Every structure is written in structure tokens, then in C-alpha cells.
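Notes for the one structure printed next.
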Amino acid sequence: MVGDPREYAKRYYEQGADELIYMDIVASLYGRSNLVDIVRHTAHDVFIPMTVGGGIRSIEDVTNLLNAGADKVAINTAAVKRPELISEIAKRFGSQCITLSVEAKKQDNNCWEVYTDCGREKSNINVLDWVRRGIDMGAGEVLLTSIDQEGTRKGFDLGLLEAVEKISSVPIILSGGYGEPGHLQDAINFGADAVAFADVLHYERANILDLKNIASEMNVIIRTT
Amino acid sequence: MKNKKVTVIDYGIGNLFNVGRALEICGANEVIITSDVSKILSAERIILPGVGAFSDGMLGLVSKKLDEAIYQFIKLERPFLGICLGMQLLASKSFEFGDHLGLSLIEGLVEKIPSEGEQGQVLKVPYIGWSPLVQQDKKTWNQTILRDTGLNDSVYFVHSFHFLAKKESDILATYNYGGHDIAAVIKSKNITGVQFHPEKSGKVGLKILQNFINE
């Protein structure tokens, strides 16, 4: 328990975050979504894009979240169970509205397996096959999280990024494993379109301005106003 | 003191909450979100928001006779702002999921963003990200909603299709994607279109909206 997400959202907005991602990490376990209220309150004061995920299962869930102020929805478990959900959402709201949230765990033979339910359940599905399928069905973006690296501060899974980069025609947000500036430099060099930070910001081991400076020192065009 | 009333067209598409809230923060005294033709015709200034497919957008407008209402409003020479899909709908025609006619208020076509850059590099589509705006032909932004926008100020884009204006003089600003100049702001008389989301572009975007409210 870190604190009220809405306060953190406002703070990050004021510190220059380019986008917020809200993930309800127990929603798909308990079968509920209380994100709508959090989204609505945040959208009241925060004027940057918001992506919301966690337990989204239906067009109705998506409608409620978008109406409350979310710009995109991130879908994992429900899409793996029923991939047609992706194309239904894309047809109704547009591909730019739907981010495929992919949780990947490395296997022995240099492959990665898709996990669902916030990294709790195996799927026996190959990550690359899944990303290809999700994009074909209409996902406009991929949120790529390494289960192995998340929380370790030992760096992102660059092999995973590289493999997915090769087959993705849509932008990739890389997540899971940041610990020091060199990791961000690696992510940029390996082609991440965006990088997501959680723990490192919530526990104040780094701040948004510092992270952006690392990027701009690498000649990445990054918003500073 | 002039009443700053903004009317936002509700045609069943797009995120009205965000636009409405941003307008409030920017000083609009009254924000009316409506699909009522008479309210549109009596508006002081209008915003046409929108996210999603062109054909759905046109269907939403035409089915409620909002296209006719928009044409009549434009003749009154009051300020009109199209945002994202709302800007694309101003075009003559779009090629998204087939051929579809637009409002034809600013001559141009809507086509998919190229997936290859000028140097043959792969371009991800949709373009999702923040970009600074580039002045077109050293055109001044002084009398426009961009008058407080700096050349290093970024705004937020998320789109797969872009507006190809027939007349260069209708393009106020572009942004660079892989060497291509993508239309970011178009303007013809009282009609302005922005491809980015000012309601999602932080303080820079809010300033642009504020300037629209004050036009």
C-alpha cells in the first residue's frame, strides 16, 4: 500500500509525466473494477493521456472507463481468454484506444510465455505469436512487461524488447526492471517507443525530470515544458 | 465582461468529459454539450471533438442532421474548432475503411500515416506521442490560437490517419514524423482543426484551448 493513486497522479502530472497508466492489479482476481471513480477524479485535474487496465472484460467496461476520462484501455487476461474482444473494442472505439498488455516470462529456449492475471497464470502461448495476433485484431499499442525483471532493479529484458520490436508495427511501451540510468539508455538504444516507470517513482528513487534528462542527453526528442 | 460560452457537439463519438473539463479549467463560463440543432445554431463558438473511425463520425453527424447544423453555423462566421477526428471530418474525403465523404469544409483528403520514413525506416502507426509544432512557411501564429505556443512546446498526438490539405495556405502547423510533415493545425477563416488533443497536452494544450475560448 503506497498511497492514494489520485494524489500520485496529480504529482506526476505536475512533474511532467507524459502519460499515466493505472493498473488495478487484483481486479481480474476478484472480478470487479473500481477504476472508474479513480479515473474520473484524476481526469478532473490531470490533462495528460491516461491508460487504464486491470479486469477489463467487456465493451461496457471500456465504455465506462472512456466516459470517465480514460483515453486508452489496457487489456490482458480477458483478451487472452477471448481474443475477439480486441477487435470488438477496436471496431467500436478505434485501435488507438486499445493497448495490448503483455506480461512475459522467459522460457529456456529463448522464448517468452504470455502470463495472465497479473503474472499469476501461465497460458502456454508464445509472446511473439500473441503480439502478432493482437495487432492483427486491432490493438494499437503494446505494453510489454517482463515478469522476470519487474521489481528487480536489474534492468529491462532487452532480448524481449528486441524480439517484439522486430514484429510490431505499433508502438511499444517497455516496463519492468528499471534500476539506474544505464537501463533507460539501453531501452532507448534497443528501440523502445516509450518506457513506463512505477516503483522507482512511487518510492522516490528517481524523479521524472531526471529520467527525462537522461533521454534528452541521448538526443531523444522529449517534452520538457 | 464577455460571456465565454462554448458549445461542444455530441454526436455519439469521442470523449466529451475530458474536453468539457478542460474548457472549464480554461475559463469557459458555460460549457454546453449537445446534439440539439437549435443550441448549435445559437452557439457563440463550437468544438467538434472525436476519436475513432471517420465513417462512424460522419454517420453520427449525418444521422442527427448535425452536418447541416455545422454548415449553417460556419456561415455565421463564429469560431469553430475540430479536434482530432473532428479535424479530419472537415476534409473532402477519407480513405479509412473504404471511401467516405467528409464535411468538405477544408479541402483535403484523409489517408493513413505512412509506415515508412524518408530514410526507409519503419514508422509505427498509430503515431502515439508528444511532438513540437513546426510553423508552416514561416506563417505567423500571432492572430491564431497558437499565439502563445513556443517552437519547443510539445502537444499530444494519437492517430493513424492524417489530413492532406489541398491548399498549403490552409496548413498552419505541422509536426515531423520520420521526415514527413504531418498536418497538425489547419485553418480556413473561422474554422480551425487540430490533429492533437489540446485537452490532453498539459499546460501547453490548455493555453491553446484558452485562446480559442477568447477568440
Side-chain angles (χ1 to χ4, degrees), chain A residues 13-20 36 39-51 63-72 89-99 135 138-142 165-173 191-194 212 216 220-225, chain B residues 12-26 50-57 84-85 96-97 115-116 121-132 149-161 175-177 196-207 209:
Chain A
Y13 165 58
E14 279 156 12
Q15 289 173 357
D18 291 333
E19 180 169 337
L20 295 176
V36 174
V39 168
R40 193 179 292 120
H41 276 110
T42 302
H44 195 264
D45 301 308
V46 166
F47 301 95
I48 53 176
M50 246 197 294
T51 297
T63 307
N64 291 337
L65 287 166
L66 297 183
N67 285 344
D71 299 281
K72 293 183 260 153
I89 296 174
K91 278 202 181 79
R92 176 78 179 268
F93 302 103
S95 284
Q96 79 295 321
C97 238
I98 167 163
T99 300
I135 295 172
E141 190 178 40
V142 171
E165 263 294 311
K166 281 204 180 86
I167 53 122
S168 177
S169 55
V170 308
I172 300 172
I173 306 172
D193 299 288
K212 285 194 161 191
S216 69
V220 171
I221 296 175
I222 193 150
R223 173 177 90 107
T224 47
T225 46
Chain B
I13 285 218
N15 199 312
L16 304 166
F17 179 85
N18 287 329
V19 172
R21 180 60 196 141
L23 290 168
E24 274 174 26
I25 284 266
C26 290
V51 162
F54 191 96
S55 52
D56 291 339
C84 197
L85 177 64
E96 183 180 0
F97 301 136
S115 49
E116 198 175 291
Q121 76 272 39
V122 169
L123 296 182
K124 304 283 181 65
V125 178
Y127 175 70
I128 305 180
W130 295 76
S131 276
T149 308
L151 295 176
N152 287 323
D153 288 340
S154 289
V155 287
Y156 176 72
F157 295 86
V158 52
H159 63 128
S160 303
F161 285 76
Y175 76 93
N176 177 5
Y177 188 31
F196 57 89
H197 286 272
E199 77 282 11
K200 289 283 163 172
S201 296
K203 294 186 172 57
V204 171
L206 293 176
K207 193 70 186 121
L209 273 181

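We use all heavy atoms of the structure for the numbers below, so side chains are in, but hydrogens, waters and symmetry mates are not. The structure displayed is predicted, hence computed values, not measured ones. A note on names: the letters A, B, ... follow the listed sequences, proteins ahead of strands, and every chain is numbered from 1.
- For the atom pair CD1 (B:I13) and CZ (A:R92), the distance works out to 9.5 Å, reported to the nearest 0.5 Å.
- For B:L206, the part sitting under 4.5 Å from any heavy atom of chain A is the side chain, from C-beta outward, and nothing else.
- Interface remark: A:A68 contributes backbone atoms only to the contact with chain B (heavy atom separation under 4.5 Å).
- With sequence neighbours excluded, the residues satisfying salt bridge (charged side-chain N to carboxylate O under 4.0 Å, His left out) with B:K207 are B:D148.
- With a threshold of 4.5 angstrom between heavy atoms, A:N67 approaches chain B through N, CA, C or O but not through any side-chain atom.
- Looking at every heavy atom in both residues, B:P126 comes nearest to A:P171 through O-CG, 3.4 Å.
- Distance CD1/A:I221 to CH2/B:W130: 15.0 Å, rounded to 0.5 Å.
- For B:S201, the part sitting under 4.5 Å from any heavy atom of chain A is the backbone (N, CA, C, O) and nothing else.
- At a 4.5 Å heavy-atom cutoff, the contact between A:I48 and chain B is made by backbone and side-chain atoms alike.
- The contact between A:K72 and chain B is made entirely by side chain atoms (from C-beta outward), counting heavy-atom distances below 4.5 Å.
- Heavy-atom distances place no part of B:A53 under 4.5 Å from chain A, backbone and side chain included.
- For A:S169, the part lying near chain B is the backbone, with the side chain staying farther off; criterion is any non-hydrogen pair under 4.5 Å.
- Residue B:P132 touches chain A through its side chain alone, counting heavy-atom pairs closer than 4.5 Å.
- A 6.0 Å sphere centred on CD1 of A:I167 holds more than 12 heavy atoms belonging to other residues, nucleotides or ligands.
- For the atom pair B:I128 CD1 and A:D193 CG, the distance stands at 8.5 Å (nearest 0.5 Å).
- Interface remark: A:A194 contributes no atoms to any contact with chain B (heavy atom separation under 4.5 Å).
- Closest heavy-atom contact between B:A22 and A:F47: CA-CE2, 3.7 Å.
- Of the inter-residue distances, the one linking B:Y156 atom OH with A:R223 atom CZ reads 11.5 Å to the nearest 0.5 angstrom.
- Within the 4.5 Å cutoff, side-chain heavy atoms of B:N18 are placed close to those of A:D71.
- For the set B:K203, B:K124, B:E199, B:H197, the count of heavy-atom pairs under 4.5 angstrom toward chain A peaks at B:K124.
- Atom CG in B:L85 sits 9.0 Å away from atom CD in A:Q96 (nearest 0.5 Å).
- With rounding to the nearest 0.5 angstrom, the NZ atom of B:K200 is 4.5 Å from the CE atom of A:M50.
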